[in-house]
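A, B, ... follow the sequence lines: proteins, then strands. Residue 1 opens every chain. Fair warning: this is a prediction, and the values are worked out from it, not measured in the lab.
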There are 2 protein chains.
Amino acid sequence: MSGKVFRINMTNLSVNIEEFPQKWEGLGGRGLTSTIVAQEVPPTCHPLGANNKLVFAPGLLTGTPAANSGRMSAGAKSPLTGTVKESNAGGTAGQMLARMGIRALIIEGQPTTDAFYGLHVSKDGVTIREETGLVGRGNFAVIETLMERVGKKVGVLSIGIAGELKMASANISVRDPEGKIRSHGRGGLGAVMGSKNIKCITIDDGGAPGLTIADPETFKAASRSFSKSLLAHPVSGEGLPTFGTNVLVNVINEAGGLPTRNFRYGQSEGHDNFSGETMREVILARGGKPRHGCHPGCIIQCSQVYPDKEGTYLTSGFEYETIWGFGAHSGVENLDYIAMADNLMDDIGVDSIETAVAVGVAMDAGVIPFGDGAAAVKLIKEIGEGTPLGRILGNGAASVGRAYGMTRIPVVKGQAIPAYDPRAIKGIGITYCTTPMGADHTAGYAVASNIMGIGGQVPPLGKEGQVELSRTLQMVTAAVDSTGLCVFVAMALADDPEAMPAVVQMINARYGVSLTAEDLVLLGRKILLTEREFNLAAGFTNQNDRLPEFFREPLPPHDAVWDFTGEEIDEFWNF
Amino acid sequence: MSGKVFRINMTNLSVNIEEFPQKWEGLGGRGLTSTIVAQEVPPTCHPLGANNKLVFAPGLLTGTPAANSGRMSAGAKSPLTGTVKESNAGGTAGQMLARMGIRALIIEGQPTTDAFYGLHVSKDGVTIREETGLVGRGNFAVIETLMERVGKKVGVLSIGIAGELKMASANISVRDPEGKIRSHGRGGLGAVMGSKNIKCITIDDGGAPGLTIADPETFKAASRSFSKSLLAHPVSGEGLPTFGTNVLVNVINEAGGLPTRNFRYGQSEGHDNFSGETMREVILARGGKPRHGCHPGCIIQCSQVYPDKEGTYLTSGFEYETIWGFGAHSGVENLDYIAMADNLMDDIGVDSIETAVAVGVAMDAGVIPFGDGAAAVKLIKEIGEGTPLGRILGNGAASVGRAYGMTRIPVVKGQAIPAYDPRAIKGIGITYCTTPMGADHTAGYAVASNIMGIGGQVPPLGKEGQVELSRTLQMVTAAVDSTGLCVFVAMALADDPEAMPAVVQMINARYGVSLTAEDLVLLGRKILLTEREFNLAAGFTNQNDRLPEFFREPLPPHDAVWDFTGEEIDEFWNF
């Protein structure tokens, strides 16, 4: 598994190109970013200081023709949670790095002046130039400028104003195939990039050697089988392509687990106003695109292009969790306002889950009324203006809760709880508590089993089996996050006995190794333990693996409560 | 040790009067508040939620004629630090409660409406009445209104607007003998009172039985000896009465430990502009009072009345740490602006240390320029107006640092580091790290030994002996904080071999018991362990017993760095 590591030191603006070392053999994506952070970042350092490092790593299959393999991981110590953090995204950057044989970009140190810089990555190395002229510009303008300067196909990683201002919900934007934006969303990695005074990274893979595949024939066969599995599964083959992730509004509402008005209710009366079904109708009526891939080679295409009433582009990558955060959590039952907010968040560069939850908490504090879409959009603009209120919001839901002296703050380890109420869908509650990332549904998506019966049914309202379910899912997910495959392949992996062998075969054929499915799960297990160890050394304890107190209140309609004891939750780590 | 506990439940607005229980025998002040919090408050509860409790307890000698014995402790889980918290204050309330035989007020639960209440405590019990009319009023107006209503001698505990808004730096104001204000300052206990919707507590000790002293003759002799010790010591007998605590500006500047411009330098060029010597001259020239006691029976009288140019009252209880926070830390080298700020902070009800440090951090973030006194006063007004910027500031220094994405945030466990740089005065650094309270100089005032040679000299710049020094001081201080004696008696306790026996004799004579000095130290030891245990159960670890990373930078003029390893610091708890 050869390759290069590009190491960029921002203290002295130097670059070092290293051979991919033996000790990281077999690692890619999350496995690689978390290992590098664990080995090289002092766990107790300030996340915005010179001792933190920002790592980008394409997955093990990223850059190959495998379906849905275009993801790249970004990792660092998170300024939002204080934990190790991995966040993966689509877009074109990961595949370009992979084709150049770059296994990881490691950005370390910190300039001592206020100047902002851009990195340009090509097969020849990295150049650093001052980009202070781009400071204060939104992500869309930055991407446009860089496309004009470097070329239409340039890969771009950039931060918006939130990242420059080092806000804890700042994300890192990734150019998608159409010049729009995907995001390394969660955990404030954009603030880490901002703390290193990097406004943007451009990638030009011209003249790249391309990937070598050790056994092309086997790869092709496995890849074909894998694609078949994805397309045959009702979720990845039908639900997601048709309605996008927003198919979940009606599903989760029906289950009584759609957190409404800052987690007071499990159902929203107005759910039809912002459901995936409604969204599809609006998109079709306005001449938008109901299907759209976030990276070349995606065959699920859960993204879409949502236009305004005049048919002009309004947003893309319009996800369930974002729509939930405004629609149900904040009561803004109007897809146009939510799409405006989504586009603004992309431009300013903030995580849409963290920000949507923060807006709902601000509504609960009385800053603006519940349901006021125009006021919500105005709040988000304040983030981009860096006003004091914008700073409060841009630092996330916990920041809003602290500023307004609230007790009803839906976060774990400082990160906002997304669109699934843990009282009504208990497996996801275990994931929120235990994942080393802070509340993150993607870390072990127990919703699939609790609500959709994928990979077997574990009833959502009971405690039985949830810890084991979340543990298995978190191990598999940590492995999937290391392959560069999109997390939505997990549905097929769970239900189709041929899918996992196909993934293993693709990895083996790519690298000329001979792993087993068991090895992949063991990889996921090891990643979890590496991440957990970092967090413990940073000062986290079992007491941080808990939901906020208010989840002991019953949630209508099931009047479900969060009834796990600490001891029961801590069983998670007993492996 | 008989007495009563008044228990007020704010969920159902009920009061229960209990006999002082056997299990709390021998406890008063901090020993009692910390024990009650540890026994009755779930360590992981939200500090602003219904499960937290706010406890007031006079010290073991409070209400007796012993010199400087008028202190009362307040305790709860702190919304600023998340730790157990004790903060003691002068004023008249403690002595009044003690004379009525009330050993503790325990306030628990939480109303479910927005109505605010007042408690009235008399020998007959507690009455609760709605005081929504006082909401939005500053502490001075509240005290005036209550004096008019209840009588000139009424004891008052109240919160300002900061407490109503549940800001984490909100304090609890205590009426002093002249109708001015002393404060349970640190750790946001005012927000806990606000979270229980209590605007004020009035105390009327009319008809109180008064204290019984088991052996009045012995008490009188010990008390006389104790007073002699206090007056004979150069600090409590001369330095503090002459210049107030602000005598320290020149002393600490000379030592190179006066944190200047957000802890960048250890000396301030303009120190003469705000020193105790200068302050005394100004007070005398304007017809103010250079000496003034915070409670009846104080013979040190380190407080003062500072008038403006026209001779009108501007502030009192004008402490070194507050003056440092504006003068050196923020560069506002003008006592009049600092006095204005001090008075405003009393009225709004915020801790002056936390707020002064927060203002300096905001200056470092570029919110206002360093040294701009008028702008600093305006910032503080914003706290009282509850603007977004006011919320950021009112939640303390860590809140400002987070909002502005900073790494240079001088806090330990979320609480602002006060006026002594731990690099140049290393013993106090160990206290900042290890006290269960978050950064708090009063918890183990190693400055006395490091800089003034009190109780023997431990050189300030070396590591040797600092852990042992801080440990001894923290044990003694926890005991002194339980007696109701002012912390400034500690100088005499350290240097005069007759002082500690006098204190022990007073306690023995008061209660008819036969403790030894060793017993008092053991009491202090036990209190520390009780507090530590609470914090560990709340999720704190050794990693929280650390100074921020930036203290590894050298501090001029000594170029001293914080060079303790984690293991060396953790030795503190090895007892």
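- Contact count versus chain A (heavy atoms, under 4.5 Å) is highest, among B:A191, B:P43, B:C45, for B:C45.
- For B:A538, the part sitting under 4.5 Å from any heavy atom of chain A is the backbone (N, CA, C, O) and nothing else.
- With a 4.5 angstrom heavy-atom cutoff, B:A537 touches chain A only via backbone atoms.
- Closest approach of A:P388 to B:L389, counting heavy atoms only: CB-N, 3.6 Å.
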Please tabulate, one pair per line, the N or O donor-acceptor pairs under 3.5 Å between chain A and chain B.
residue, atom, partner, partner atom, Å
A:H46, N, B:E549, OE1, 2.7
A:H46, NE2, B:M406, O, 3.1
A:N51, ND2, B:E549, OE2, 2.8
A:N395, ND2, B:R402, O, 3.4
A:N395, ND2, B:A403, O, 3.3
A:R402, O, B:N395, ND2, 3.4
A:A403, O, B:N395, ND2, 3.4
A:M406, O, B:H46, NE2, 3.1
A:E549, OE1, B:H46, N, 2.7
A:E549, OE2, B:N51, ND2, 2.9

